[in-house]
Amino acid sequence: MRPLSRLTLSFALAALLSGRAGAVAAADKAPSLAQQSAAAVKAVCADLPPRCAEFQNSLEEIGWFQEDAQAYLKALPRKPDLAGLNPHLAESLRLIQRTQHQYQGVDERLGVLALLVWETHKALAAVSEKWIPEASTSLHASLTALEDRSSRLERASLLYRGPEASTHAASIRSLGQDGIAALDRFQEVSLAIDYSGNPMDDPVLKKRKTANGLAVRLSALRDRLIALEKRAGSGASSRLDFSTLLKPDAKPGPGAWARADATSVKLPPLDAFGAQAAAEAGALMTSAGSSQPLPEASQGQAGLAAADRRSLLQVPKMRVPAPKDEKAGVPDIGLLGRLKLMWARRSGGESELQALRDLGLTRVVGDPKGRAALVHQQDPMTCTIVCQQQMLTASGALEGKDPKAVEHSLLSEAFTKGYLNVDDSDPASLKLLGTPFLFTGNLLKEHGMIVTKTFKASNQDLAQAAGRGGMLLVDVDPGVLRGNKDLLGISHSIVITGAEISRGDGKVLGYFINDSDSVPLSKGEFIPVKQLLDAWHAGNSSIIEAR
Amino acid sequence: MKLPTAPCLALIFLFPAGCARREAPLSDALKRAVASAKFDGPCSSLISMEWPPSWPVPAADGSGRRFKIFFYPLLGTQPKVHAPLGEAEVGTDDGKVLGCRKLQAPLQELPGARWPDALRGLTVSEFDRRADRLFAATEAVGALYAAKAGLTPEQTRAAGAYGRLFLEMAEPSLLPHYRRLNPDFWRWLAAAGAPSIPDAP
């Protein structure tokens with residue numbers, strides 16, 4: 001079954017349902033939907049012989065799908081089995097989209113095919129609706145047990161010496177394997193939520209919030225396990241070493257905490273994505289070009305616990321706002337300083353920011369300087385891909401040295417998995433047309449990262465997320481961000497690489513971003529807080545965070 | 001109700017003519033619905049984030065609270081307008097997408113700049129203010145169109161103001177696509193004596 005995930009309920013389909021469902025229900029002795037579908041294809045084939053094979057293929061595929069799905073529903077397991085259910089849901093959504101296109105683009109009579117799939121999809125979705133909370137509760141309980149085991153091992157790790165140490169290492173390893181199983185279950189819940197309806201509806205937002213809570217606990221558990229391994233002398237020095245150790249046979253894909261070499265993915269030729277556009281973009285590349293090695297970890301600004309962008313291990317856990325901690329470290333600026341600050345505040349805006357900086361009253365979280373080297377000039381419509389590329393490279397999940405080649409490889413991977421819109425009218429020269437919102441961040445998941453998606457987030461949510469020191473994928477309106485009305489209405493993905501915070505009250509003064517579509521290339525660019533928030537809220541106020 | 005601002009209350013006796021009245025806030029239900037459409041419901045998996053939405057056009061359902069939009073790609077550093085690749089219907093009752101679909105069409109670049117020449121000198125905030133007025137006018141004219149009744153002189157003026165503002169703000173190369181969203185609406189607007197999008201020759 002193809003992994004393509006498409007959540008598609010068009011108004012045409014809705015109209016079809018409201019219009020036809022009643023009629024279908026009313027006529028008890030009417031032919032079944034399957035019979036109607038076969039008759040519709042036969043009739044359309046008679047009128048449109050050149051496209052007959054296409055419709056017959058659809059009908060056949062729907063038949064296979066129905067057979068598989070009905071068999072699954074008949075022998076439904078008692079316990080939640082999202083791993084078994086999700087592929088059926090994904091397939092039903094893919095078929096709905098395809099039949100809907102045939103209905104809208106070719107012949108109204110084919111609408112009954114969509115109705116046929118929709119009937120089974122509804123039955124599958126009802127099961128998913130019941131299972132997601134059950135699976136979340138069960139995962140919650142498992143995590144509690146794992147956290148408890150982890151605590152016991154942490155205490156014991158101080159005592160074990162000599163031969164006992166090997167028993168201890170085995171216990172850690174066993175815990176790690178259970179952690180991997182928990183991650184797999186989390187990925188299933190997360191995927192089921194993606195399939196479960198309108199991402200902006202409150203019930204779905206609520207489910208996602210619960211899942212995000214589980215993700216945070218899962219990543220904390222992983223960090224504790226890595227620390228335990230290090231203490232036990234297993235030599236794990238990064239997330240990847242850890243996961244490779246635990247799951248040596250892991251392959252890239254959902255649920256794998258594994259090394260994924262992007263360059264090894266077998267995909268359509270790069271030329272298909274527009275060699276000319278790539279060459280033009282390549283000509284614009286700056287210092288992050290192909291000859292540059294991957295950046296070394298840097299210390300960031302003085303006095304900071306800089307985040308190592310190569311490893312999630314060292315991302316500092318910082319809190320924002322944190323007035324008590326902040327005030328403890330505020331330098332005494334004296335009378336002159338206070339006067340300067342007062343004067344600057346009267347002028348407002350940049351003067352105030354500059355005065356705060358001059359007086360040492362700001363600090364930076366994250367690693368904007370170090371992460372600046374992760375960005376390169378993107379091809380047209382690949383902003384989301386390049387953002388994910390930066391986050392994957394920072395985590396050590398990607399190894400390619402030529403950023404352009406890695407971008408194209410990820411692009412091809414996203415295309416194969418159905419995460420992109422592509423103009424395929426000329427198969428020899430596919431044209432990339434961008435990424436739908438629901439698929440943003442999916443490449444991070446595919447490469448084994450624990451991803452949280454927060455939609456309709458608040459300013460405080462963003463400040464807190466940035467305060468954790470990791471990289472954030474957010475969408476902004478570039479028209480608002482750059483003050484260019486020709487770009488208004490576009491949603492453009494950028495990476496927030498850090499934030500500058502007032503030491504006095506913990507307020508965020510601005511964010512540092514990597515913007516792969518700006519000319520000149522924006523690398524660790526500082527954007528004042530209001531400007532960024534305006535552009536962010538003009539988009540969808542979402543935050544995608546990977547751990 | 002329009003009220004004078006607080007400082008004006010104090011000064012009104014001294015400079016009665018100098019106090020501007022605060023404008024009543026415009027309804028932003030339609031603006032919010034259009035802005036969030038590509039993240040909502042079925043559009044979230046169909047419409048690329050990079051495609052901006054068009055201005056809304058009243059739908060033909062007769063409620064006055066449903067509007068149609070399309071989405072079109074903008075490509076290049078000096079963004080070039082391309083023919084629409086997606087379409088949606090939004091409602092102002094709850095700001096939700098009521099339906100969405102991708103259009104099966106090849107990528108097609110359209111001539112000309114994105115916005116009419118008359119908007120060239122505007123800043124983003126000036127442009128936004130005009131856009132707010134257009135959204136509010138669209139909601140108002142949508143109600144008139146749905147009512148299918150004869151227009152009072154004031155309503156005729158409102159329809160005329162909407163038509164002028166729309167043509168001032170709409171992407172010139174996309175006008176035929178705006179017409180296609182609901183040809184009946186544009187015919188109604190023309191019949192009301194307001195500036196409208198003419199039928200294709």
Side-chain angles (χ1 to χ4, degrees), chain A residues 5-15 93 97 100-101 104-106 194 197-201 277 284 380-381 383-384 420-421 423-426 431-440 455-456 475 477 479-480 482-493 517 519 538-540 542, chain B residues 34-55 59 66 68 71-82 85-90 95-108 113-115 119-120 122-128 131:
Chain A
S5 55
R6 294 273 170 175
L7 186 59
T8 307
L9 301 172
S10 79
F11 62 88
L13 181 57
L93 293 167
Q97 186 183 9
Q100 168 212 328
H101 277 160
Q104 287 170 339
V106 184
D194 280 350
N198 186 345
M200 293 298 170
D201 274 353
L284 290 170
M381 300 258 182
C383 56
T384 309
L420 301 174
N421 277 328
D423 173 15
D424 54 3
S425 52
D426 176 5
K431 294 184 191 77
L432 183 64
L433 296 175
T435 309
F437 172 59
L438 199 63
F439 305 136
T440 312
F455 304 148
K456 293 187 178 175
D475 301 320
D477 184 324
V480 178
R482 305 292 178 195
N484 179 351
K485 63 180 180 297
D486 283 342
L487 302 175
L488 286 171
I490 296 174
S491 289
H492 172 54
S493 299
D517 199 27
V519 179
N540 58 6
S542 70
Chain B
V34 170
S36 63
K38 64 184 154 187
F39 313 113
D40 196 50
C43 283
S44 64
S45 65
L46 292 175
I47 304 301
S48 291
M49 294 195 298
E50 292 86 346
W51 303 346
S54 69
W55 303 114
R66 296 173 80 144
K68 293 184 88 172
F71 300 93
Y72 58 99
L74 277 173
L75 290 170
T77 42
Q78 296 295 321
K80 297 280 181 203
V81 177
H82 287 67
L85 289 177
E87 207 171 281
E89 191 167 323
V90 296
K96 291 280 179 201
V97 165
L98 304 166
C100 191
R101 64 171 178 153
K102 255 194 305 194
L103 302 172
Q104 287 195 310
L107 192 63
Q108 184 199 348
R114 183 178 181 191
W115 304 119
L119 302 180
R120 193 171 286 165
L122 295 187
T123 63
V124 167
S125 51
E126 287 165 345
F127 182 91
D128 261 353

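Numbered from 1 within each chain, the chains take letters A, B, ... in sequence-line order. Basis for what follows: all heavy atoms, side chains included, without hydrogens, waters or symmetry-related copies.
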### Message
Looking at B:E89 and B:K68, is any side-chain nitrogen of the basic one under 4.0 Å from a carboxylate oxygen of the acidic one?
### Response
no
### Set of side-chain hydrogen bond (donor to acceptor under 3.5 Å, both in side chains) partners for B:D40, sequence neighbours left out
A:N198
### Task
Could you have a look at B:A131, B:A113, B:S48 and say which one has the most heavy-atom pairs with chain A under 4.5 angstrom?
B:S48
## Note on the structure
If one checks every heavy atom of B:I47 against chain A at 4.5 Å, the contacting part turns out to be backbone
### chain B contact via A:D423 - side chain, backbone, both or neither, heavy atoms under 4.5 Å
side chain
### Message
Quick check: closest heavy atoms across B:A105 and B:L85, and the distance to 0.1 Å?
### Response
O-CD2, 3.4 Å
### Query
Does B:L122 offer a backbone N or O that forms a donor-acceptor pair with the side chain of A:K485 under 3.5 Å?
yes
### Query
With a 4.5 Å heavy-atom cut-off, do A:M381 and B:W51 have their side chains touching?
yes
### Message
Tell me which of these, A:T384, A:D201, A:L488, has more heavy-atom pairs under 4.5 Å with chain B than the rest.
### Response
A:L488
### Task
Could you look at B:P79 and say if it's the side chain, the backbone, both or neither that has a heavy atom under 4.5 Å from chain A?
side chain
### For chain B, the option from A:V480, A:D477, A:D486 that forms the most heavy-atom pairs under 4.5 Å
A:D486
### Summary
Honestly, the part of B:F39 sitting under 4.5 Å from a heavy atom of chain A is both
### Query
Does any heavy atom of chain B fall under 4.5 Å from the side chain of A:S542, the backbone, both, or neither of them?
neither
### Query
Can you check whether A:N540 reaches A:F455 side chain to side chain, under 4.5 Å on heavy atoms?
no
